[in-house]
Amino acid sequence: EDQVTQSPEALRLQEGESSSLNCSYTVSGLRGLFWYRQDPGKGPEFLFTLYSAGEEKEKERLKATLTKKESFLHITAPKPEDSATYLCAVQNSGYALNFGKGTSLLVTP
Amino acid sequence: DGGITQSPKYLFRKEGQNVTLSCEQNLNHDAMYWYRQDPGQGLRLIYYSQIVNDFQKGDIAEGYSVSREKKESFPLTVTSAQKNPTAFYLCASSMEYTGVGLGEKLFFGSGTQLSVL
């Protein structure tokens with residue numbers, strides 16, 4: 001059975017304090033790993049898709065990386081507006097998409 | 001602007017009542033989805049539709065029903081058979097169902113919070 005585990009559940013950072021969020025997964029045939037950002041009371045917003053181990057993608061202060069067992073979302077010098085819940089989702093060879101429970105990030109000034 | 005519109009933002013259900021959540025998209029996407037989000041849990045798929053007049057059950061379809069009579073619309077009915085309906089409901093779309101496997105991103109609406117009176 002496919003599993004997606006995100007850690008930590010919650011993370012509090014000072015503005016400018018870089019850190020990483022983790023998404024560990026087991027899947028039958030990885031088709032893609034997705035990162036989304038979700039603000040309170042809103043729908044998730046797409047950030048990245050990663051397909052294979054070794055792949056990296058960047059967007060502003062965010063960088064996503066992928067290995068055969070996990071993905072990291074690195075946040076460099078975060079700002080308060082980066083505060084949100086970050087969701088990881090993994091798609092298997094049968095197109096089923098499994099979401100993790102998310103990491104709630106709070107960046108304080 | 002293109003996007004997905006969900007309504008209402010908040011909805012209250014009385015005991016034994018059916019309620020319908022609206023989802024409309026103007027992205028010309030073929031595939032549409034309904035997810036349920038509970039605090040501390042990942043998104044769970046209720047129903048999905050790959051094309052007009054066709055839909056499939058997801059992981060937690062019991063107590064829910066859908067229709068897809070138009071490409072733009074995918075309403076979700078929460079029936080009285082759903083004993084624990086309180087949750088945040090998210091509608092999403094993608095260009096094509098198999099396209100999601102090709103890195104095609106999901107576009108989400110802003111959600112409907114359903115509560116039981």
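Lettering of chains follows the sequences in order, A, B, ..., and the numbering in each one begins at 1. Note that these values count all heavy atoms, side chains included, but never hydrogens, waters or copies made by symmetry.
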Does the side chain of Leu106(B) come within less than 4.5 Å of Tyr36(A)'s, by heavy atoms?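 Contact flag for Tyr36(A)/Leu106(B) side chains = yes.
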Would you check if Leu97(A) and Tyr35(B) make a side-chain contact, meaning some heavy-atom pair closer than 4.5 Å? yes
What's in the same ILVMFWY side-chain cluster as Val66(B), cut-off under 4.5 Å, chained through other members?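 Leu11(B), Val19(B), Leu21(B), Met32(B), Trp34(B), Ile46(B), Tyr47(B), Phe55(B), Ile60(B), Tyr64(B), Phe74(B), Leu76(B), Val78(B), Tyr89(B), Leu114(B), all in the cluster of Val66(B).
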Option that, when pairs with chain A are counted at under 4.5 Å, heavy atom only, ranks first among Gly40(B), Cys91(B), Gly111(B), Ala92(B):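 If we count pairs closer than 4.5 Å to chain A, Gly40(B) comes out on top.
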Crowded around [X] [atom1]? As in, over 12 foreign heavy atoms under 6.0 Å?
| X | atom1 | answer |
| --- | --- | --- |
| Lys69(A) | NZ | no |
| Glu15(B) | CD | no |
| Arg12(A) | CZ | no |
| Gln3(A) | CD | no |
| Lys68(A) | NZ | no |

How many angstroms lie between atom CD of Gln37(B) and atom OG1 of Thr85(A), to the nearest 0.5 angstrom? 8.0 Å
Which bit of Leu87(A) comes within less than 4.5 Å of chain B, counting heavy atoms only: side chain, backbone, both or neither? side chain
Okay, Leu90(B) and chain A: the region with an atom under 4.5 Å from a heavy atom over there is side chain
Check Lys42(A) against Phe88(B) and note the closest heavy-atom contact, atom names and distance. O-CE2, 3.7 Å
